[in-house]
Amino acid sequence: MKARELIHNVFLIERDGMKILATRSRYGSHYGERKFGEFREWIPTRSKLSAMFLKGYLIDIKPEWKVLYLGAASGTTVSHLADIVDRGIIYAVEYSAKPFAKFLELAEERRNIIPLLQDASTPWKYSGIVEKVDFIYQDIAQKNQIEIFEENARFFLKERGEGLIMVKARSIDSTAEPKDVFRNVVKRLKNRFDVLSYDTLEPYHRDHIYVHVRNR
């Protein structure tokens, strides 16, 4: 087995003729992913951030960064992000109680995760807990997902801080062509941020794009 580090604690593993993305972790499996010694498999069909990395676009997430994660669900991607920012902290927001219960198991295990059962569309309600952050990650399938991202950035993102939003076209407008939705999303984000990159998440996730931005 060969392992090549892409960014801090993220590795591309060659095993049995296959290429597998993984994070180096001292923790066990969280969602049924395989363990290879010190590595946890990062499954791209289960995590859009993994899909983006496997498609070749990397963000050099620093181990000491403070991160605001919007749409934590049961913690699949958060668990790997926590492996990366092992000297930082993740403020993880989730609104639905059922996945949050599963997520709490992860948060109890990891000292660098602060779970927040909150609505990401009302950031002022958790502004007394969350500090200024280096990075915002959002994966929320709602019609107003862009407004949610912008409002949280206004409250919490440091000057020149970075953000990554996973955009689901069908959640914004189920009747429009995804490419038209994506074009409008990128145009809108350019009004507030410097857009560093965007692309689809095919073949792992249909009708999704990522948009990587920097705060002005």
Side-chain angles (χ1 to χ4, degrees), residues 30-33 42-55 57 59 67-82 90-104 106-107 113 115-126 130 133 135-157 162-190 192-193 195 197-213:
H30 176 61
Y31 57 97
E33 74 279 16
W42 197 355
I43 303 172
T45 55
R46 299 286 300 273
S47 169
K48 298 178 187 72
L49 185 56
S50 172
M52 187 191 78
F53 281 169
L54 275 175
K55 281 177 66 73
Y57 187 73
I59 297 175
V67 176
L68 175 60
Y69 194 111
L70 305 172
S74 59
T76 297
T77 299
V78 180
S79 70
H80 292 283
L81 194 55
I90 301 172
Y91 298 94
V93 177
E94 174 54 44
Y95 181 67
S96 179
K98 187 173 181 179
F100 190 78
K102 171 69 174 176
F103 178 56
L104 280 179
L106 177 72
I113 298 175
L116 299 168
L117 184 60
Q118 294 282 352
D119 183 347
S121 65
T122 58
W124 53 90
K125 291 186 177 179
Y126 46 90
V130 180
V133 299
F135 188 67
I136 294 178
Y137 180 94
Q138 179 176 305
D139 184 5
I140 294 176
Q142 293 185 20
K143 185 177 181 66
N144 63 333
Q145 56 192 269
I146 306 306
E147 291 88 345
I148 290 172
F149 183 81
E150 290 175 333
E151 191 69 1
N152 277 271
R154 186 174 71 85
F155 268 85
F156 304 114
L157 191 58
E162 297 181 31
L164 183 65
I165 179 170
M166 300 301 179
V167 180
K168 184 177 181 180
R170 299 299 182 190
S171 295
I172 294 176
D173 189 339
S174 61
T175 63
E177 284 294 323
K179 63 181 180 180
D180 295 330
V181 175
F182 296 148
R183 182 172 58 249
N184 291 334
V185 164
V186 172
K187 182 179 179 180
R188 174 167 178 172
L189 288 171
K190 283 181 177 179
R192 285 277 308 271
F193 307 95
V195 174
S197 179
Y198 61 92
D199 199 358
T200 74
L201 294 173
E202 298 280 359
Y204 305 106
H205 300 272
R206 185 181 178 186
D207 295 337
H208 282 79
I209 63 167
Y210 73 82
V211 186
H212 179 205
V213 304

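Sequence positions, counted from 1, serve as the residue numbers for this chain.
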(message) If you apply the rule side chain to side chain contact (heavy atoms under 4.5 Å, CB included), what do you find for I113 with Y69, and how did you get there?
(response) CA-CA 10 Å; I113 298 175; Y69 194 111; over 6 Å; no
(request) Please step through side chain to side chain contact (heavy atoms under 4.5 Å, CB included) for the pair V186 and K190, ending with a clear verdict. (result) CA-CA 6 Å; V186 172; K190 283 181 177 179; 3.8 Å; yes
(message) One pair to check against side chain to side chain contact (heavy atoms under 4.5 Å, CB included): V213 and I165. What are the steps and the verdict?
(response) CA-CA 8 Å; V213 304; I165 179 170; 5.6 Å; no
(request) Report the C-alpha distance between W42 and S47 in whole Å, list the side-chain angles of each, state the deciding distance to 0.1 Å, and finish with yes or no for side chain to side chain contact (heavy atoms under 4.5 Å, CB included). (result) CA-CA 7 Å; W42 197 355; S47 169; 3.0 Å; yes
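Scanning all heavy atoms of the two residues, the minimum distance from L54 to P44 falls at CD1-CG, 3.5 Å. Across every non-hydrogen atom of I148 and A120, the tightest pair is CG2-O, 3.6 Å. When all heavy atoms of D119 and V93 are compared, the pair lying nearest together is C-CG1, 4.5 Å. Minimum heavy-atom separation, Q145 to K168: OE1-N, 3.3 Å. Between L116 and Y126, the closest heavy-atom pair is CD1-CB, 4.3 Å. Closest non-hydrogen pair, G75 versus F103, comes out as CA-CD1, 3.6 Å.
Ring orientation note: the planes of H212 and F135 are nearly perpendicular, at an angle over 60° on the 30°/60° scale.
In this structure the side chain of Y57 never reaches within 4.5 angstrom of the side chain of D199, judged on heavy atoms. Within the 4.5 Å cutoff, side-chain heavy atoms of M52 are placed close to those of I59. When side chains are defined from C-beta on, H80 does not count as touching H30, because their heavy atoms never get closer than 4.5 Å. With contacts defined as side-chain heavy-atom distances shorter than 4.5 Å, the pair Y137/K48 qualifies. Taking 4.5 Å as the limit, every side-chain heavy atom of F149 sits out of range of all side-chain heavy atoms of I140. Taking 4.5 Å as the limit, every side-chain heavy atom of D139 sits out of range of all side-chain heavy atoms of L49.
To the nearest 0.5 Å, atom CG of residue D207 and atom OG of residue S174 are 11.0 Å apart. The CD1 atom of I136 lies 11.0 Å from the CG atom of L164; values are rounded to the nearest 0.5 Å. Distance check: E162 CD to F193 CZ gives 12.0 Å after rounding to the nearest 0.5 Å. Of the inter-residue distances, the one linking E150 atom CD with N144 atom CG reads 10.5 Å to the nearest 0.5 angstrom. Taking OG of S50 as the reference point, atom CG of L201 lies at 10.5 Å (rounded to 0.5 Å).
Every residue two or more places apart in sequence or in another chain that forms a side chain to side chain contact (heavy atoms under 4.5 Å, CB included) with K179 is listed here: E177. The side chain to side chain contact (heavy atoms under 4.5 Å, CB included) test applied to E202 returns T200, R206, not counting sequence neighbours.
Checking side-chain atoms of D173 against main-chain N and O of V181 turns up no donor-acceptor pair under 3.5 Å. With E94 contributing its side chain and S96 its backbone, the two residues share a donor-acceptor pair below 3.5 Å. Distance alone, capped at 3.5 Å, places no donor-acceptor pair between the E151 side chain and the P123 backbone. Counting only distance, with no hydrogens or angles, the side chain of R170 and the backbone of A176 share a donor-acceptor pair below 3.5 Å. Under a 3.5 Å cut-off, the side chain of K143 and the backbone N or O of S171 do not form any donor-acceptor pair.
The existence of a salt bridge linking E33 and R46 is excluded, since no basic side-chain nitrogen approaches an acidic carboxylate oxygen closer than 4.0 Å.
More than 12 heavy atoms of other residues, nucleotides or ligands lie within 6.0 Å of OH in Y31, so this atom counts as buried by the packing criterion. In the displayed structure, F156 atom CZ is contacted under 6.0 Å by more than 12 heavy atoms of other residues, nucleotides or ligands.
Aromatic ring centres of Y210 and H205: separated by at least 6.0 Å.
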